[in-house]
Amino acid sequence: IPVGRVGGEKTVCDLRVFACGDWLLSVVHGPIGFVLLSMAWSQACMCYTESMLRRCDHCGVTLPARARRDRRTCSTRCRVALHRARQQPPAEMRERPQWVRRSEAKVPLRADGGGLASSTNPSTWTTWDQARDSKVGVGLGYVLAGDGIVCLDLDRCIDEAGRIAGWAQEILDRCPPTWVEVSPSGTGLHIWGRGRVGTGRVIRRGEAAVEVYDRGRYIALGRPLPGT
């Protein structure tokens with residue numbers, strides 16, 4: 001492609017397209033090509049460097065270049081905060097004032113110490129923060145109120161060695177990524193998600209025992225299932 005005269009001589013330059021990430025640059029080979037090529041190389045380095053950056057999983061700060069490959073956070077504070085966050089229910093549940101405390105026998109209790117809580121009486125429920133900080137009972141419970149949150153209760157599906165029964169694992173494999181917890185007894189699973197159920201259902205097929213609810217029930221929270 002004739003581009004004119006450089007230094008009094010007519011030049012023919014080869015115009016090519018240089019693609020780098022979201023950038024599309026023209027690289028000209030010839031007397032004026034070095035500048036454009038330098039620009040392209042500089043941008044390529046920037047794109048490559050950006051793609052290699054790793055960030056803290058909690059606050060998003062860029063991790064040091066020499067950080068270990070398995071490092072996930074920028075500081076001990078972020079590591080502890082990330083661990084605590086993963087032990088908590090999803091924000092979508094924490095934002096709803098549908099929390100109660102529970103007894104060792106899984107009886108729902110008011111977080112303010114006012115006696116028993118009811119899965120059908122919102123005045124006995126409270127916020128996540130108040131329920132979490134309360135010393136009443138031995139643990140937390142979440143009330144299903146027909147507002148789109150559903151819980152699948154898989155009963156007696158974990159053996160003494162911590163192995164998940166095949167029928168329960170099949171259900172887990174079919175579910176999209178979601179929050180799953182081990183029941184307080186350590187032998188069952190709670191799979192949380194969104195949906196509409198209406199009247200609760202109890203499904204029993206051979207060894208499989210599944211209960212599905214979205215209202216009129218409270219679920220005693222256990223501990224998160226690793227990896228969910």
Side-chain angles (χ1 to χ4, degrees), residues 84-159 162 164-165 167-172 174-228:
R84 289 178 177 173
R86 288 176 174 173
Q87 299 300 309
Q88 296 182 142
E92 189 170 352
M93 294 172 61
R94 299 198 309 270
E95 292 168 354
R96 306 185 188 205
Q98 294 164 210
W99 293 92
V100 296
R101 298 289 296 180
R102 67 173 179 84
S103 69
E104 186 71 39
K106 296 195 293 187
V107 175
L109 304 171
R110 293 175 59 128
D112 60 5
L116 299 179
S118 169
S119 61
T120 58
N121 184 357
S123 67
T124 63
W125 313 341
T126 188
T127 64
W128 158 257
D129 289 336
Q130 292 175 333
R132 178 196 57 193
D133 297 338
S134 173
K135 304 301 181 182
V136 175
V138 298
L140 290 159
Y142 182 82
V143 181
L144 296 166
D147 55 358
I149 299 295
V150 174
C151 182
L152 279 69
D153 186 356
L154 281 56
D155 198 19
R156 295 187 296 276
C157 62
I158 302 178
D159 63 19
I164 298 176
W167 63 267
Q169 188 61 57
E170 184 178 353
I171 293 175
L172 287 174
R174 292 188 177 188
C175 289
T178 190
W179 188 51
V180 182
E181 56 167 356
V182 179
S183 64
S185 67
T187 62
L189 291 174
H190 298 156
I191 303 176
W192 297 84
R194 301 187 188 94
R196 298 286 179 182
V197 177
T199 303
R201 304 175 188 176
V202 179
I203 304 170
R204 299 186 185 278
R205 295 180 182 175
E207 296 181 352
V210 181
E211 299 179 36
V212 187
Y213 302 105
D214 78 337
R215 68 193 66 196
R217 293 278 178 154
Y218 113 95
I219 306 297
L221 265 66
R223 55 182 173 80
L225 180 69
T228 64

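Quick note: residue numbers are just sequence positions, from 1. Please read these numbers as outputs of a predicted model, since none were measured by experiment.
For Thr120, the side chain to side chain donor-acceptor pair (under 3.5 Å) partners at least two apart in sequence or on another chain are Ser118. Every side chain to side chain contact (heavy atoms under 4.5 Å, CB included) that Ile158 has, sequence neighbours left out, goes to Ile164, Val182, Leu189. Taking the side chain to side chain donor-acceptor pair (under 3.5 Å) definition, one finds that Asp159 meets it with Arg163, sequence neighbours left out. Taking the side chain to side chain donor-acceptor pair (under 3.5 Å) definition, one finds that Ser185 meets it with Ser183, Thr187, sequence neighbours left out. Applying the side chain to side chain contact (heavy atoms under 4.5 Å, CB included) test to Asp153 and every residue at least two apart in sequence or in another chain returns His190, Glu211. Qualifying side chain to side chain donor-acceptor pair (under 3.5 Å) partners for Ser134, counting only residues two or more places apart in sequence or in other chains: none. Not counting sequence neighbours, the partners of Pro90 by the side chain to side chain contact (heavy atoms under 4.5 Å, CB included) test are Met93, Trp179.
A pairwise comparison of heavy atoms in Val197 and Asp214 identifies N-OD2, 3.0 Å as the closest pair. Taking both residues in full, the closest heavy atoms of Ser103 and Leu109 are given as N-CD1, 3.8 Å, listed atom of the first, atom of the second, then distance. Among all heavy-atom pairs drawn from Ala220 and Pro184, the shortest one is O-CD, 3.5 Å. Summarising the geometry of Gly216 relative to Ser119, their closest heavy-atom pair is O-OG, 3.2 Å, with the distance given to 0.1 Å.
Here the rule is side-chain contact (heavy atoms from CB on, under 4.5 Å) with Leu172, and of Thr178, Ile191, Leu152 only Ile191 fits it.
Under the salt bridge (charged side-chain N to carboxylate O under 4.0 Å, His left out) criterion, the residue pairs touching residues 119-132 are Asp129-Arg132, with sequence neighbours excluded. Sorted by first and then second residue, the pairs that involve residues 103-124 and meet salt bridge (charged side-chain N to carboxylate O under 4.0 Å, His left out), not counting sequence neighbours, are Arg110-Asp112. Residue pairs meeting the salt bridge (charged side-chain N to carboxylate O under 4.0 Å, His left out) criterion with at least one partner in residues 182-207, sequence neighbours excluded, are Glu92-Arg194. For residues 205-228, there are no ring-ring contact (aromatic ring centres under 6.0 Å, His included) pairs, not counting sequence neighbours.
Interatomic distance, CG of Asp133 versus CH2 of Trp128, reported as 9.0 Å (0.5 Å rounding). Here CG of Asn121 is found 11.5 Å from CG of Leu116. Values are rounded to the nearest 0.5 Å.
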Return all side-chain donor-acceptor pairs below 3.5 angstrom for residues 135-151, not counting sequence neighbours, or 'none' if the list is empty.
| residue | atom | partner | partner atom | Å |
| --- | --- | --- | --- | --- |
| Tyr142 | OH | Gln98 | NE2 | 3.1 |
| Asp147 | OD1 | Arg96 | NH1 | 3.2 |
| Asp147 | OD2 | Arg96 | NH1 | 2.8 |

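In this structure, the side chains of Pro89 and Trp192 stay at 4.5 Å or more apart for every pair of heavy atoms.
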